Amino acid sequence: MGSPLTVELAEIRTSYIEELALNTSPDPPNSYRHFVDDGLGDFRDRQHAESYLLFINSLSSDLQYTLEHPAEDGSLPFLDVLIHPDKSTSVYRKPTHTNLYLKYNSSTNNATKDSVIRSLTRRAYNLCSPQHLDAELTTVYNICLSNGFPPQRTTTIMDQVKTKMERPTTNLSHRQFKKLLNNDRSLKVSLPYHPTIGKPLKSLLNKHDIDVTYSSSPNLRSLLTSTKTSTPPSTTPNVIYEIPCKDCDACYIGQTKRPLIKRIKEHEACYRNNRAIDESTGNIKSAAALHSLSTGHTISWNSTSILTSTSSSSNLDLLEQAAITSFKLSLNRIDRAPTVNTFWTPIMDKISSTYKRRSLQISSFPS
């Protein structure tokens with residue numbers, strides 16, 4: 001399940017096979033529902049279900065289904081729902097489930113801790129039939145206590161969810177209305193959570209219409225495992241890059257939203273075709289090429305490196321300005337540098353100190 005497309009591809013494949021089976025089977029189920037790779041069918045008896053299983057497995061050799069019959073008490077799990085013989089439902093937990101959730105003494109903001117109680121309680125109301133609801137709420141309460149949540153806090157939040165679920169309202173509170181009204185105008189920032197200063201800092205920033213969310217710090221699993229193939233440096237978009245001069249200490253710093261190799265080829269083409277300046281406008285097309293053509297120095301295209309990259313192109317101006325300001329021997333013209341708010345000026349050096357050069361490993365350009 002490492003690829004983001006895995007779920008969609010599985011859905012396409014299973015939907016095709018199951019639709020084909022339902023349309024061509026001589027004795028299809030009375031009803032059938034599925035979610036990704038889990039299906040729920042209504043059959044007359046065990047023999048009917050097993051004969052349909054043989055039929056659907058005969059349609060494809062690379063996709064084979066298995067069958068799970070109801071338990072002795074007549075109940076049958078489907079996803080996280082347990083369907084009882086009387087068609088009532090309750091929450092299903094696998095036998096290996098440990099009831100281990102976020103511990104209350106974890107270094108996490110209170111909103112995240114409260115969301116554990118809310119999500120478990122809301123799931124109980126959404127999935128349980130009335131005759132199973134009280135038992136599930138008791139289970140949720142005990143689970144929260146076993147994970148260190150205070151009894152009073154657990155009861156309070158569960159009561160809040162109960163009120164919303166039993167008496168839903170469409171009226172927005174003043175705070176919700178103000179947030180909705182300013183949603184497009186407010187600045188949004190994501191900060192690492194700190195148990196001491198996190199809450200006061202969020203309150204302070206909220207007063208200035210700055211919406212704060214907390215980001216989680218890396219855990220051992222994220223540090224030791226990776227399910228995605230890293231993008232080759234040459235095809236990385238949204239980067240700040242550095243092109244050095246081979247004969248002096250000068251370098252050119254730039255930004256691009258496209259794959260970096262395309263922008264470097266444009267710089268090299270300006271040098272090779274002696275077109276560092278746009279003849280029609282007089283604007284510099286490539287400061288690196290202009291430096292080489294005007295001084296006779298050799299630009300080391302194959303030593304181009306990535307200083308930093310970002311997931312959002314909206315941060316590129318700030319990141320480029322930080323590099324230009326901090327690296328004094330850059331070929332960039334100060335009057336053509338990106339304009340950013342002076343709010344960032346005191347910490348420009350701090351921003352650039354986080355940059356880690358990555359070699360582009362280009363071998364197709366002359367040295």
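The first residue of the sequence shown is numbered 1, and numbering continues consecutively from there. Bear in mind the structure is a predicted one, so any value in this text is a computation, not a measurement.
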Is there side-chain contact between [X] and [Y], with heavy atoms separated by less than 4.5 Å?
{"X": "Phe55", "Y": "Pro28", "value": "no"}
{"X": "Asn147", "Y": "Val116", "value": "no"}
{"X": "Thr89", "Y": "Ser129", "value": "yes"}
{"X": "Ile243", "Y": "Ile299", "value": "yes"}
{"X": "Asn274", "Y": "Leu293", "value": "yes"}
{"X": "Leu76", "Y": "Pro85", "value": "no"}
{"X": "Asn126", "Y": "Met165", "value": "yes"}
{"X": "Arg13", "Y": "Ser60", "value": "yes"}

Can you measure from [atom1] ([X]) to [atom2] ([Y]) and round to the nearest 0.5 angstrom?
{"X": "Arg357", "Y": "Glu242", "atom1": "CZ", "atom2": "CD", "answer": "4.0 Å"}
{"X": "Ile253", "Y": "Thr325", "atom1": "CD1", "atom2": "OG1", "answer": "9.0 Å"}
{"X": "Ser31", "Y": "Asp42", "atom1": "OG", "atom2": "CG", "answer": "4.5 Å"}
{"X": "Leu120", "Y": "Leu137", "atom1": "CG", "atom2": "CG", "answer": "10.5 Å"}
{"X": "Tyr16", "Y": "Leu63", "atom1": "OH", "atom2": "CG", "answer": "12.0 Å"}
{"X": "Cys270", "Y": "Asp278", "atom1": "SG", "atom2": "CG", "answer": "9.5 Å"}

Exercise. From the options Gln255, Arg358, His267, select the one residue that forms a side-chain hydrogen bond (donor to acceptor under 3.5 Å, both in side chains) with Tyr241.
Key: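 Per the side-chain hydrogen bond (donor to acceptor under 3.5 Å, both in side chains) rule, the option paired with Tyr241 is His267, out of Gln255, Arg358, His267.
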Does [X] [atom1] have over 12 foreign heavy atoms under 6.0 Å away?
{"X": "Gln64", "atom1": "CD", "answer": "yes"}
{"X": "Glu19", "atom1": "CD", "answer": "no"}
{"X": "Arg123", "atom1": "CZ", "answer": "yes"}

Tell me whether [X] contacts the main-chain N or O of [Y] through its side chain, where contact means a donor paired with an acceptor under 3.5 Å.
{"X": "Ser51", "Y": "His48", "answer": "yes"}
{"X": "Tyr214", "Y": "Gly198", "answer": "yes"}
{"X": "Ser292", "Y": "Ala288", "answer": "no"}
{"X": "Ser146", "Y": "Ile143", "answer": "yes"}
{"X": "Thr281", "Y": "Asn283", "answer": "yes"}
{"X": "Ser75", "Y": "Ala71", "answer": "no"}
{"X": "Asp247", "Y": "Thr298", "answer": "yes"}

Quiz prompt | Contacts of type ring pair (Phe, Tyr, Trp, His ring centres under 6.0 Å), residue Tyr104, not counting sequence neighbours | solution =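 Scan of Tyr104 (ring pair (Phe, Tyr, Trp, His ring centres under 6.0 Å), adjacent residues dropped) gives Phe149.
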Practice problem: Determine, step by step, whether Ser300 and Asn302 satisfy the side-chain hydrogen bond (donor to acceptor under 3.5 Å, both in side chains) criterion, reporting the C-alpha distance in whole Å, the side-chain angles of both residues, the deciding distance to 0.1 Å, and the verdict. | Solution: CA-CA 5 Å; Ser300 186; Asn302 56 356; 3.1 Å; yes
Quiz prompt | Tyr52 and Phe43 aromatic ring geometry - parallel, tilted or perpendicular at 30°/60° bounds | solution =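 Tilted, since the angle between the ring planes falls between 30° and 60°.
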Exercise. Can you sort out the partners of Arg272 under side chain to side chain donor-acceptor pair (under 3.5 Å), two or more places apart, ordered by chain and number?
Key: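 Only Glu268 meet the side chain to side chain donor-acceptor pair (under 3.5 Å) criterion with Arg272.
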Same apolar cluster (I L V M F W Y, side chains within < 4.5 Å links), [X]/[Y]:
{"X": "Ile210", "Y": "Ile197", "value": "no"}
{"X": "Leu102", "Y": "Val161", "value": "yes"}
{"X": "Ile83", "Y": "Phe35", "value": "yes"}
{"X": "Leu127", "Y": "Leu79", "value": "yes"}
{"X": "Leu319", "Y": "Ile347", "value": "yes"}

Give me the atom names and distance for the closest heavy-atom approach of [X] to [Y].
{"X": "Thr256", "Y": "Leu316", "value": "O-CD1, 4.0 Å"}
{"X": "Asn206", "Y": "Asp211", "value": "OD1-CA, 4.2 Å"}
{"X": "Ala322", "Y": "Met348", "value": "CA-SD, 3.5 Å"}
{"X": "His291", "Y": "Thr295", "value": "O-OG1, 2.5 Å"}
{"X": "Ser309", "Y": "Val239", "value": "CB-CG1, 3.7 Å"}
{"X": "Thr108", "Y": "Lys113", "value": "O-CE, 3.1 Å"}

Quiz prompt | Selection residues 62-92 - residue pairs positive for ring pair (Phe, Tyr, Trp, His ring centres under 6.0 Å), sequence neighbours left out | solution =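 Every ring pair (Phe, Tyr, Trp, His ring centres under 6.0 Å) pair that includes a residue of residues 62-92, provided the two are not neighbours, is His84-His132.
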Quiz prompt | Evaluation steps, side chain to side chain contact (heavy atoms under 4.5 Å, CB included), between Glu18 and Ile56 | solution = CA-CA 7 Å; Glu18 291 170 11; Ile56 194 173; 4.1 Å; yes
Quiz prompt | Side-chain H-bond candidate by donor/acceptor type, Asn109 with Thr112, under 3.5 Å | solution =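 A pair is found: one side chain offers a donor N or O, the other an acceptor, under 3.5 Å apart.
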Quiz item: Just checking, is any N or O donor in the side chain of Ser326 or Ser352 under 3.5 Å from an acceptor N or O on the other one?
Solution: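 Checked: Ser326/Ser352 side chains pair up, N/O donor to acceptor below 3.5 Å.
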Exercise. Run the numbers on Ile306 and Thr236 for side chain to side chain contact (heavy atoms under 4.5 Å, CB included), then give the verdict.
Key: CA-CA 9 Å; Ile306 296 176; Thr236 304; 4.2 Å; yes
Practice problem: Apply the test side chain to side chain contact (heavy atoms under 4.5 Å, CB included) to residues Arg118 and Gln160: give CA-CA distance (whole Å), side-chain angles for both, the deciding distance (0.1 Å), then the verdict. | Solution: CA-CA 9 Å; Arg118 286 196 178 92; Gln160 292 174 354; 3.3 Å; yes
Exercise. Determine, for Arg93 against Glu136, whether the closest basic-nitrogen to carboxylate-oxygen distance falls under 4.0 angstrom.
Key: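 Glu136 and Arg93: salt-bridged.
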Self-check item: side chain to side chain contact (heavy atoms under 4.5 Å, CB included) between Glu266 and Arg258, worked out
Solution: CA-CA 12 Å; Glu266 291 174 351; Arg258 300 173 294 160; 2.9 Å; yes
